[in-house]
Peer 1: 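One structure coming up, written as structure tokens, with questions to follow.
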Amino acid sequence: MTEAIMNTYGRPTIGFTKGEGAWLTDEDGKQYLDALSGIGVISLGHANPEITKVIANQASSLLHTSNLYRIPAQEELADLLTSISGMDNAFFANSGAEANECAIKISRLAGRKKGIENPTIIVTDAAFHGRTMATLTATGSRKVQAGFEPLLNGFLRAPFNDIEAIKSIAKNNQNVVAIMIEPIQGEGGIRVPNPDYLKQVREICDQHDWFMLLDEVQTGNARTGTYFNYQQSGILPDLVTTAKGLGNGMPIGVCLARGKAATTFQPGNHGSTFGGNPLACAVGAAVVKYIQKNNIAERAGELGEKMQNAFRERLSGLNNVIEVRGKGLMIGIELDSPCTDLVAKAMDKGLLINVTSENTIRLLPPLVISDDEADKIVDIVSGLIEEI
Ligand SMILES: *Cc1c(COP(=O)(O)O)cnc(C)c1O
């Protein structure tokens, strides 16, 4: 492998030349069942023919014009996403971190407009919000932050899934303008909060005139059984971001805003050269329509529950398994010790998985996997855990 790539991801040992559905083929022709989907991105499967057609058609007519001109595909995607989410409007970016930057900037600007000079955003332990300076500051991992100090001011950390901690901040801090949380923590180890957590956070935000900012970069786009995860809590956030699954591999991120958050920016406050371009938005619109037309969210919810139950049954009695958890096709299996070596062992058996926060196996398969493929994932992963 060339030394001309910066050493940020170590040196990967294998690469792929072709994908189809939930399957990838490596350079030697070996096939792998993909239970990671490029980290929750390829939700509709590799080389999904309907999406490929949209990419080819759009690429052969128009790629980019800039936001100085109207972009019909961007307007269509904004209409689709606002109608699904209950939000008012959208800003398009090219990644999850950028979508979060937008939401952070809106929160700060709205705070300053109401006279708060040091607007502060509450963030949580073990959160992951991205790798830009603002989003790595918001991230709750020293590994992500170490060496990049000085971090940004204006962030305050609280434990995840702890309403009392938020209430106590509310009592003692007049500078808070927003709370930023993942409805289920992804990189932090597939942490699912109490069922009433989001609802309680919403109440506190209402009492104190804070924005509720949900990072659904990973949980969005049908992965957890509804289009957005917050829809299972019967609430609306003020800001919600998503990215990963929205483009099925085409880089795109979006920040959706509602109410005061939707009218905070004026021309000149924010922008992006590539964000919202015709190609990314045409693909995003095709992804959203595919999800709706094929009831992908319901399928992900049901199949995920089935897989979790199958894991629980098969792994019950193994005392190195701490917990099987998750929602929809966002599944974590926490073991009692570090298990990053399972990634290579799974690869030997033709399965791609991920391990996050050292001891949690993370599964984010395409949402279009078959029952047989789901069974195969459960079987291989369980076998690896049994062998430990
Ligand atoms: C992946 C992720 C991000 C960062 O997205 P990028 O596209 O890598 O910038 C932010 N938040 C959450 C919850 C994520 O899972």
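Both ligands and their constituent atoms are indexed starting at 1 by order of listing.
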Peer 1: With a heavy-atom distance limit of 4.0 Å, tell me whether K244 approaches ligand 1 through its side chain, its backbone, both, or neither.
Peer 2: side chain

Peer 1: Should the ring pair F91 and H270 be called parallel, tilted or perpendicular, given that the plane angle runs from 0 to 90° and is split at 30 and 60?
Peer 2: tilted

Peer 1: Should you measure from each heavy atom of N100, which atoms of ligand 1 turn up under 4.0 Å away?
Peer 2: 10 (C), 11 (N)

Peer 1: With heavy-atom distances below 4.0 Å as the criterion, list the atoms of ligand 1 near E182.
Peer 2: 13 (C)

Peer 1: Report the part of S95 in contact with ligand 1, treating N, CA, C, O as backbone and CB onward as side chain, heavy atoms under 4.0 Å; options are side chain, backbone, both, neither.
Peer 2: both

Peer 1: Suppose we screen for salt bridge (charged side-chain N to carboxylate O under 4.0 Å, His left out). Which residues come up paired with K293, at least two apart in sequence or across chains?
Peer 2: E50

Peer 1: Which bit of T135 gets closer than 4.0 Å to ligand 1, counting heavy atoms only: side chain, backbone, both or neither?
Peer 2: neither

Peer 1: Thinking salt bridges, do D238 and R258 make one under a 4.0 Å N-O criterion?
Peer 2: yes

Peer 1: Have N100 and T241 got a donor and an acceptor in their side chains that come within less than 3.5 Å?
Peer 2: yes

Peer 1: Which pairs pass ring-ring contact (aromatic ring centres under 6.0 Å, His included) with one or both residues in residues 180-213, sequence neighbours excluded?
Peer 2: F160-Y197, H208-W210

Peer 1: Which ligand 1 atoms, with their elements, are less than 4.0 angstrom from a heavy-atom of A97?
Peer 2: 4 (C), 5 (O), 6 (P), 9 (O)

Peer 1: I'd like to know if the side chain of N277 pairs up with that of H64 as donor and acceptor (distance under 3.5 Å, no hydrogens or angles considered).
Peer 2: no

Peer 1: Determine if the distance from atom 11 (N) of ligand 1 to the closest protein heavy atom is below 4.0 Å.
Peer 2: yes

Peer 1: Salt-bridged, R202 to D206, with N to O below 4.0 Å?
Peer 2: yes

Peer 1: What do we get for H129 next to ligand 1 when only non-hydrogen atoms under 4.0 Å count, side chain, backbone, both or neither?
Peer 2: backbone

Peer 1: If the cut-off is 4.0 Å to any non-hydrogen atom of D215, which atoms of ligand 1 fall inside it?
Peer 2: 10 (C), 11 (N), 12 (C), 13 (C)

Peer 1: Between the side chains of E149 and R142, is the shortest nitrogen-to-carboxylate-oxygen separation below 4.0 Å, so that they form an ion pair?
Peer 2: yes

Peer 1: Do any nitrogen or oxygen atoms of F128 lie less than 3.5 angstrom from nitrogen or oxygen atoms of ligand 1?
Peer 2: yes

Peer 1: Which ligand 1 atoms does G96 reach within 4.0 Å, using its non-hydrogen atoms?
Peer 2: 5 (O), 6 (P), 7 (O), 9 (O)

